[in-house]
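Take a look at the structure set out below.
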Amino acid sequence: MKLVPFEMERWQSTWEHSVEFNLSESGVEPLPLRELLRDDASVEHFLNHPLAYSQGNGTPELRSSIAGMYRGATPEQVLVTNGSSEACLLALWHLVEPGDEVVLMLPNYMESWGLVQMFGGKVRPLWLREDLGWQFDPDELATLVGRRTKALAVCNPNNPTGAVMGEDRRRAVLDAARDSKAWLLADEVYAGAEREGARTESLWGDYERTLILNGLSKAYALPGLRIGWVVGPPDTIETLWAYHDYTSLTPTYLSDRLAQIALSAGRREEILARTRSILQRNYGMLREWIGGHGSMFTHIPPIAGAICFLRYSLRINSSDLAWRLLKEKSTLIVPGDQFGMDGYIRIGMGHAGTYLSEALGRVDETLRELAAEKGAP
Ligand SMILES: Cc1ncc(COP(=O)(O)O)c(C=O)c1O
């Protein structure tokens, strides 16, 4: 199998812990362990856990909390994984045979884009369109999905645009999957990280060949737990568990227990409320910064996720711009090139305190230098 590099992850993994300002992250400021455990009694109790192997598919307690979030789902329909990225790997490993077509919403996190190709499949892109408010064109979907489609993969809310599918698009996706008998693979890791408006409705529950991918890294601000999950039909979940035997065996014992706390009654809503307040505060700050740059940037306000996808009018390639920021200002952003979309950059806005404004100050320095070098855009 030939490796298709996952450019954005390579870029982030290589640099995110050595830069002064990391604006490449798409989640909110992670919760400290102490805040999750709260009181001394819980800390003490937690310290007594053995560092043991955990239940391979996730403890019944955790699977039951997760199942409770999906209409009619049971714990047998849940497999707990190491991050939603592992859930995506297992699902595509199982589904994609050489020659299979996968209709894939783009831009996207791009893990599925690489994996489909590595498993010998063919990606048929379903592009979100800026002129449609980062929605796809339903007529285009109709032309892409057919008898040869093995899976239709969407990311909703979307990374990098922060867009949420409208109800008409949601229906169109479900109808297209049902009509073609394709698997529907829905990455919903940003559900619950809505800056405003209602919680994004899951694609779960309307069509039997559906696999939902999700986890605690984004809306729940717990990326370090590496807890993800896949929800699907019981027999498929059983099969994916058998694939899991070849990857990481089990979620870590401690993460499974901490995830139980995060998803317990009351706590879950508190964590999501924290996420929303960070997003509201920081997006306000970012929007002001964008507005202060006149016509240099345009964007459609993101609905969910700690990310803002900006189109820029500077005469510089997005990877070159990101390299300059990295090398000269120790600031990491994601270039649009990594989504196949030069002319855009993705800025993460989930940090606490003054981090975001300081980091944007670094970006400003480069923008001023570019303007001086090349003349105003
Ligand atoms: C859309 C999307 N899916 C999946 C992931 C993987 O997240 P994790 O493995 O931490 O759950 C990310 C990470 O940025 C993402 O943006």
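Note that these values count all heavy atoms, side chains included, but never hydrogens, waters or copies made by symmetry. In each ligand, atom 1 is the first atom listed, and ligand 1 is the first ligand listed.
Pairing each heavy atom of Ser112 with each of Leu104, the nearest pair is OG-CD1, 3.5 Å. Summarising the geometry of Pro75 relative to Ala67, their closest heavy-atom pair is N-CB, 3.8 Å, with the distance given to 0.1 Å. Heavy-atom minimum distance, Asn214 versus Val189: OD1-CA, 3.4 Å.
Relative to the six-membered ring of Tyr253, Arg257 meets both conditions, a distance below 6.0 Å and an angle of at most 45° to the axis.
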Write out each pair where an N or O from ligand 1 and one from the protein are under 3.5 Å apart, with the distance.
from: ligand 1; atom 1: 3 (N); to: Asp187; atom 2: OD2; distance (Å): 2.6
from: ligand 1; atom 1: 7 (O); to: Ser84; atom 2: OG; distance (Å): 3.4
from: ligand 1; atom 1: 9 (O); to: Ser84; atom 2: N; distance (Å): 3.3
from: ligand 1; atom 1: 9 (O); to: Ser85; atom 2: N; distance (Å): 3.0
from: ligand 1; atom 1: 9 (O); to: Ser85; atom 2: OG; distance (Å): 2.6
from: ligand 1; atom 1: 9 (O); to: Arg226; atom 2: NH2; distance (Å): 2.9
from: ligand 1; atom 1: 10 (O); to: Ser217; atom 2: OG; distance (Å): 2.6
from: ligand 1; atom 1: 10 (O); to: Arg226; atom 2: NH1; distance (Å): 2.7
from: ligand 1; atom 1: 10 (O); to: Arg226; atom 2: NH2; distance (Å): 3.4
from: ligand 1; atom 1: 11 (O); to: Ser84; atom 2: N; distance (Å): 2.8
from: ligand 1; atom 1: 11 (O); to: Ser84; atom 2: OG; distance (Å): 2.6
from: ligand 1; atom 1: 11 (O); to: Ser217; atom 2: OG; distance (Å): 3.3
from: ligand 1; atom 1: 14 (O); to: Lys218; atom 2: NZ; distance (Å): 2.8
from: ligand 1; atom 1: 16 (O); to: Asn159; atom 2: ND2; distance (Å): 2.8
from: ligand 1; atom 1: 16 (O); to: Tyr190; atom 2: OH; distance (Å): 2.6

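His244 contributes no side-chain N or O that, together with a main-chain N or O of Asn82, makes up a donor-acceptor pair within less than 3.5 Å.
Hydrophobic clustering places Trp204 together with Leu216 (ILVMFWY residues linked when any side-chain heavy atoms are closer than 4.5 Å, directly or through intermediates).
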